[in-house]
Trainee: 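The structure that follows is given in the form of structure tokens.
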Amino acid sequence: MSLNHADRVERVIADDLVQVGDRRGLFRGTVDSVRGVLEYRELLGLLVRREIRARYKNSVLGIVWSLMRPIVQLLIYYVALGQFLGAARATPEFAVFVFTGLTIWGLFAEIVAGGTSSVVNNSGLIKKVFLPREIFPLSAVGSALFNFGIQFVILIAATVLSGSFPLHRDLLYAPLAIALVIVLGSAIAFLLSALNVYLRDTQHIVDILVLVLFWASPIVYNFTFVHDRLVGTFAESLYLANPLTLATLGMQKAIWLAGTEDPTIYWPPHLGLRLLIALAISLVLLWICQRVFSRLQSNFAQEL
């Protein structure tokens with residue numbers, strides 16, 4: 001008996017180790033995360049509605065406040081840049097131009113800002129209940145899309161009132177630009193929301209980065225000015241490598257009809273192809289950031 005037992009032990013030691021249990025690879029983990037979010041989609045909807053109600057709770061004007069910030073920004077830039085610095089003279093329908101840029105930028109900024117603090121703000125729920133943590137950054141995306149929808153309707157109404165409704169084929173740039181901002185913003189929200197749990201300075205760093213990215217994109221100034229200064233140099237290529245620049249230009253080309261009809265306004269070549277490439281890269285980035293989020297979420301409850 002002892003000899004047979006020793007033989008069995010030797011055979012076990014000699015055999016190769018075999019992994020047992022759940023073998024979750026990168027793609028399998030992503031599929032499981034998507035399945036988990038879909039299972040909790042009703043809770044995701046409740047979180048989005050809670051975000052919207054909390055923002056306008058005990059407010060007299062309600063959702064009108066979602067328009068106040070971009071409108072005030074529009075007035076400031078219109079007067080300061082458009083009238084005092086003369087940008088309006090070189091940019092037809094300057095108000096529509098600026099409001100278009102502010103609308104698409106507001107979507108990105110709100111996704112990133114709301115997503116960064118989403119996990120920390122829901123620490124009480126995370127400590128008590130097990131659920132897919134991805135729904136918290138996604139709830140910030142849903143809330144941002146609600147506000148964007150309101151602003152977009154106002155933007156279209158402004159084009160109708162100004163007699164320049166963008167009923168042309170370039171309108172197809174709009175869904176590409178919006179999709180790019182949603183995917184890129186969601187990727188950044190996943191990454192920063194996880195990092196913010198371990199390093200609370202993240203949300204303050206985000207405020208600075210968002211400010212830098214705002215002025216690094218042609219939102220309140222015409223891209224023609226950038227092209228005239230850089231004239232096909234490496235610096236211009238680097239400027240166009242910014243996906244937010246491409247998203248802003250795509251939205252402007254879709255909505256800002258006066259700019260597309262003005263021969264003095266410069267548009268980068270192959271803008272549609274550039275948007276598609278940026279969208280593809282952003283999808284890969286979204287997958288990477290979601291996997292990082294998934295690896296870091298195991299200690300959320302302890303860190304919070």
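All values below come from the heavy atoms of this structure, side chains included, with hydrogens, waters and symmetry mates left out.
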Trainee: Is it the case that the side chain of Ser143 and the backbone of Ser139 share a donor-acceptor pair, with hydrogens and angles ignored and the cut-off at 3.5 Å?
Mentor: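 Side chain of Ser143 to backbone of Ser139, a donor-acceptor pair under 3.5 Å: no, none is there.
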
Trainee: Of the non-hydrogen atoms in Tyr221 and Tyr239, which two are nearest, and what is the gap between them?
Mentor: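 Closest approach of Tyr221 to Tyr239: OH-OH, 2.9 Å.
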
Trainee: Nearest 0.5 Å please: distance from the CG atom of Asn222 over to the CD atom of Gln252.
Mentor: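 Between Asn222 CG and Gln252 CD, I get 7.5 Å after rounding to 0.5 Å.
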
Trainee: Nearest 0.5 Å, please: how far is CG in Leu107 from CZ in Phe146?
Mentor: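 One finds 13.5 Å between CZ of Phe146 and CG of Leu107.
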
Trainee: So do the side chains of Tyr266 and Asp228 get within less than 4.5 Å of each other, counting heavy atoms only?
Mentor: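 They are not in contact (no side-chain heavy atoms under 4.5 Å apart), so the answer is no.
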
Trainee: Decide yes or no on side-chain contact (heavy atoms from CB on, under 4.5 Å) for Glu236 and Arg229, but give the supporting numbers first.
Mentor: CA-CA 9 Å; Glu236 184 179 23; Arg229 288 286 185 136; over 6 Å; no

Trainee: For the atom pair OG (Ser217) and CH2 (Trp105), what is the distance rounded to the nearest 0.5 Å?
Mentor: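 If we round to the nearest 0.5 Å, Ser217:OG and Trp105:CH2 are 5.5 Å apart.
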
Trainee: Strictly distance-based, threshold 3.5 Å: is any side-chain N or O of Glu110 a donor or acceptor partner for the main-chain N or O of Val141?
Mentor: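 Between the backbone of Val141 and the side chain of Glu110 there is no qualifying donor-acceptor contact (under 3.5 Å).
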
Trainee: Report the residue from Thr91, Thr159, Leu249 that forms a side chain to side chain contact (heavy atoms under 4.5 Å, CB included) with Trp256.
Mentor: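 It is Thr91; the other options fail the test.
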
Trainee: Out of curiosity, does Ile150 fall in the hydrophobic cluster containing Ile156 (side-chain heavy atoms, cut-off under 4.5 Å, transitive links)?
Mentor: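 Ile156 and Ile150: one cluster.
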
Trainee: Would you check, one step at a time, whether the test side-chain contact (heavy atoms from CB on, under 4.5 Å) holds for Val98 with Ile219?
Mentor: CA-CA 6 Å; Val98 172; Ile219 299 170; 5.8 Å; no

Trainee: Quick check against the 3.5 Å criterion: does Asn122 have a side-chain atom that pairs as donor or acceptor with the backbone of Ser118?
Mentor: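 Yes, because the side chain of Asn122 sits within donor-acceptor range (under 3.5 Å) of the backbone of Ser118.
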
Trainee: Quick check: is Ile178 connected to Leu171 through a chain of hydrophobic side chains (ILVMFWY, heavy atoms under 4.5 Å apart)?
Mentor: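 Same cluster.
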
Trainee: Kindly give the heavy-atom pair with the smallest separation between Leu276 and Leu176, and that separation in Å.
Mentor: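 Between these two residues, the closest heavy atoms are CD2-CD2, 3.5 Å.
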
Trainee: Hydrophobic cluster membership, with links at side-chain heavy-atom distances under 4.5 Å among I/L/V/M/F/W/Y: are Val153 and Phe99 in one?
Mentor: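 They do not share one cluster, since no chain of ILVMFWY contacts under 4.5 Å joins Val153 to Phe99.
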
Trainee: Rounded to the nearest 0.5 Å, how far apart are CD1 of Ile126 and CG of Leu131?
Mentor: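 Ile126 atom CD1 to Leu131 atom CG measures 7.5 Å (nearest 0.5 Å).
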
Trainee: Judged by atom type as modelled, is there a donor-acceptor pair below 3.5 Å linking the side chain of Ser186 to the main-chain atoms of Ile182?
Mentor: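 Such a contact is found between Ser186 side chain and Ile182 backbone.
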
Trainee: Is the shortest heavy-atom distance from the side chain of Leu138 to the side chain of Val48 under 4.5 Å?
Mentor: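 No. Closest side-chain heavy atoms not under 4.5 Å.
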
Trainee: Check for a donor-acceptor pair, side chain of Asn121 on one end and backbone N or O of Ser117 on the other, with a separation under 3.5 Å.
Mentor: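 A pair under 3.5 Å: yes.
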
Trainee: Treating Arg41 as the side-chain partner and Leu38 as the backbone partner, does any N or O pair qualify as donor plus acceptor under 3.5 Å?
Mentor: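 Yes, because the side chain of Arg41 sits within donor-acceptor range (under 3.5 Å) of the backbone of Leu38.
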
Trainee: Given side-chain contact (heavy atoms from CB on, under 4.5 Å), test Leu240 with Phe223 step by step and report yes or no.
Mentor: CA-CA 10 Å; Leu240 288 172; Phe223 176 72; 3.7 Å; yes

Trainee: Would you say that Thr260 contacts Leu257 through its side chain, given a criterion of any heavy-atom pair below 4.5 Å between the two side chains?
Mentor: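 Sidechains of Leu257 and Thr260: in contact.
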
Trainee: Is there a donor-acceptor contact under 3.5 Å from the side chain of Arg133 to the main chain of Ser298?
Mentor: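 Absent.
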
Trainee: Contact between Leu199 and Leu195 at the side-chain level, heavy atoms closer than 4.5 Å - yes or no?
Mentor: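 With C-beta onward as the side chain, the pair stays apart.
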
Trainee: Over all heavy atoms of both residues, which pair between Tyr173 and Ala254 is shortest? Give the atoms and the distance, please.
Mentor: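 Answer, listing the atom of Tyr173 first, then Ala254: CB-CB, 4.0 Å.
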
Trainee: Is the shortest heavy-atom distance from the side chain of Pro269 to the side chain of Arg274 under 4.5 Å?
Mentor: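 Yes - at least one pair of side-chain heavy atoms lies under 4.5 Å apart.
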
Trainee: Heavy atoms only: give me the nearest Val292-Leu191 pair and the separation to one decimal.
Mentor: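 Smallest interatomic distance, heavy atoms only, reads CG1-CD1, 3.9 Å.
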
Trainee: How long is the span from the CD atom in Glu39 to the CG atom in Asp32, to the nearest 0.5 Å?
Mentor: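 Here the rounded value is 9.5 Å.
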
Trainee: If I compare all heavy atoms of Val220 with all of Phe97, which pair ends up nearest, and what's the gap?
Mentor: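 Closest approach of Val220 to Phe97: C-CE2, 4.0 Å.
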
Trainee: Would you mind reporting whether Ser193 and Thr116 have side-chain heavy atoms less than 4.5 Å apart?
Mentor: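 The answer is no; the side chains never approach within 4.5 Å.
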
Trainee: Mind checking who shares a hydrophobic cluster with Leu161, ILVMFWY linked at side-chain heavy-atom distances under 4.5 Å?
Mentor: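 Reading the cluster by chain and number, Leu161 sits alone, since nothing else belongs.
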
Trainee: Val181 and Ile104: side-chain contact (heavy atoms from CB on, under 4.5 Å), yes or no, with the steps?
Mentor: CA-CA 8 Å; Val181 167; Ile104 193 66; 3.8 Å; yes

Trainee: Do Val226 and Val212 share a hydrophobic cluster, counting only Ile, Leu, Val, Met, Phe, Trp and Tyr and linking them when any side-chain heavy atoms are less than 4.5 Å apart?
Mentor: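 Not linked; separate clusters.
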
Trainee: When hydrophobic residues are tied together by side-chain contacts of less than 4.5 Å, even through go-betweens, does Val112 share a cluster with Leu211?
Mentor: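 Yes, same cluster.
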
Trainee: Could you tell me if the side chain of Tyr40 sits less than 4.5 Å from the side chain of Leu47, heavy atoms only?
Mentor: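 Sidechains of Tyr40 and Leu47: no contact.
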
Trainee: Can you tell me how far CG of Asp262 sits from OG1 of Thr224, rounded to the nearest 0.5 angstrom?
Mentor: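 If we round to the nearest 0.5 Å, Thr224:OG1 and Asp262:CG are 8.5 Å apart.
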
Trainee: Locate the shortest heavy-atom distance separating Ile265 from Pro92; write the atom from each residue and the value.
Mentor: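 For Ile265 and Pro92, the tightest heavy-atom pair comes out as CD1-CD, 4.2 Å.
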
Trainee: Using links of under 4.5 Å between side-chain heavy atoms of ILVMFWY residues, direct or through other members, which residues join Leu209 in one cluster?
Mentor: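 Its cluster partners, ordered by chain and number, are Ile205.
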
Trainee: Please walk me through it: do Phe300 and Phe293 pass ring pair (Phe, Tyr, Trp, His ring centres under 6.0 Å)?
Mentor: CA-CA 10 Å; Phe300 279 180; Phe293 181 94; 5.5 Å; yes

